[in-house]
Amino acid sequence: MEKLRDSWQRFMRGRNGLDELGQAALIAGCILYIITGFLRSGLLRLVSLALIVYSLYRSFSRDRERRMEENRMAQRYAQLVKLNVTQRKTHRIYMCRRCGKLIRVPKGKGKIEIRCPVCGNKMIRRT
C-alpha cells in the first residue's frame, strides 16, 4: 500500500492537483450526471461528462501558472456574482476589464461613465 502511495505522489509531483475551480467543475458534472439518469437527456449527459473530464484535465495539468490564473479569475467572477446578488436592490457591481477591480455604483443613475480608481480605465454603463 505504501508503494502505491509513493508512486502516486511521484506521479502528481509538479502537477496542479484539485483546486476550487476543478472541484466546482467535478461537483457540477457529477450532479448533472445524476440528473441525466432521471431526464434521459443525451446533451446534458455530454455536458456533465465534459465537466468531469475538464476537472481531471485541470488536476493533472503541469501548467500550474495558467491553472492558478484561471482559478483566480473564477474566484473573482464568483465574488462579483455574490456581490451582485447580495446588493442587487441598491447597487450595481462592475468589474474593470483592464485590472479586474470590482467597482460598486449606486443603482438608478441611468447611463453614466465609470472610472476605475486603480487604473483609470473609463467605461460607460447603465445603472
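Computed from a predicted model, the values in this text were never measured in an experiment. Only this structure's heavy atoms are used, side chains among them; waters, hydrogens and symmetry mates stay out.
Figure legend: cation-pi geometry between R15 and F11, with NZ or CZ positioned under 6.0 Å from the six-membered ring centre and within 45° of its axis.
No donor-acceptor distance shorter than 3.5 angstrom exists from the side chain of S55 to the backbone of L51, with no hydrogens or angles considered. Remark: the backbone N or O of V85 is paired with a side-chain donor or acceptor of R88 at under 3.5 angstrom. N84 places a side-chain N or O within 3.5 Å of a backbone atom of I93 that can act as its donor or acceptor partner.
Connection of I27 to I35 is established within a shared hydrophobic cluster, with ILVMFWY side chains joined at heavy-atom distances below 4.5 Å, either directly or through further cluster members. When hydrophobic clusters are built by joining Ile, Leu, Val, Met, Phe, Trp and Tyr residues whose side-chain heavy atoms come closer than 4.5 Å, directly or via intermediates, L83 is grouped together with M95.
Using a 4.5 Å heavy-atom threshold, the side chains of D19 and R58 count as touching. Taking 4.5 Å as the limit, every side-chain heavy atom of M123 sits out of range of all side-chain heavy atoms of R115. Contact of the Q75 side chain with the Q79 side chain is not registered, since no non-hydrogen atoms from C-beta on lie closer than 4.5 Å. Inter-residue side-chain proximity for L26 and I52 is flagged as met; some heavy-atom pair is nearer than 4.5 Å.
No more than 12 heavy atoms of other residues, nucleotides or ligands sit less than 6.0 Å from atom NZ of K109. Atom CZ of F60 sits in a crowded spot, with more than 12 heavy atoms from other residues, nucleotides or ligands closer than 6.0 Å. Atom CE of M68 has 12 or fewer neighbouring heavy atoms from other residues, nucleotides or ligands inside a 6.0 Å radius.
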- Message: Could you walk me through whether K111 and I124 satisfy the side-chain contact (heavy atoms from CB on, under 4.5 Å) test, starting with their C-alpha distance in whole Å, then the side-chain angles of each, then the deciding distance to 0.1 Å, before giving a yes or no?
- Response: CA-CA 7 Å; K111 198 172 190 180; I124 298 175; 3.8 Å; yes
- Message: Between T127 and R92, is the side-chain hydrogen bond (donor to acceptor under 3.5 Å, both in side chains) condition met? List the steps.
- Response: CA-CA 6 Å; T127 61; R92 295 288 299 258; over 6 Å; no
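A side-chain contact (heavy atoms from CB on, under 4.5 Å) with Y94 is found for exactly one of L102, V105, L80, namely V105.
Distance check, rounded to the nearest 0.5 Å: OG of S7 to CD of E2 gives 11.5 Å. One finds the CZ atom of R66 at 15.0 Å from the CG atom of N71 (value rounded to the nearest 0.5 Å). K107 NZ to T90 OG1: the interatomic distance, rounded to the nearest 0.5 Å, is 8.0 Å. The OH atom of Y77 sits 13.0 Å away from atom CG of L21, with the distance rounded to the nearest 0.5 Å. Once rounded to the nearest 0.5 Å, the distance linking NZ of K101 with CZ of R76 reads 9.5 Å. In this structure, CD1 in I34 is found 12.5 Å from CG in L39, a value given to the nearest 0.5 Å.
Listed here is the closest heavy atom pair of C116 and I103: CA-CD1, 3.8 Å. Of all non-hydrogen atoms in N121 and R97, the two that sit nearest each other are ND2-N, 4.2 Å. Pairing each heavy atom of R67 with each of S61, the nearest pair is NH1-OG, 2.7 Å.
No salt bridge links E113 with R125; every basic N to acidic carboxylate O contact stays at or beyond 4.0 Å.
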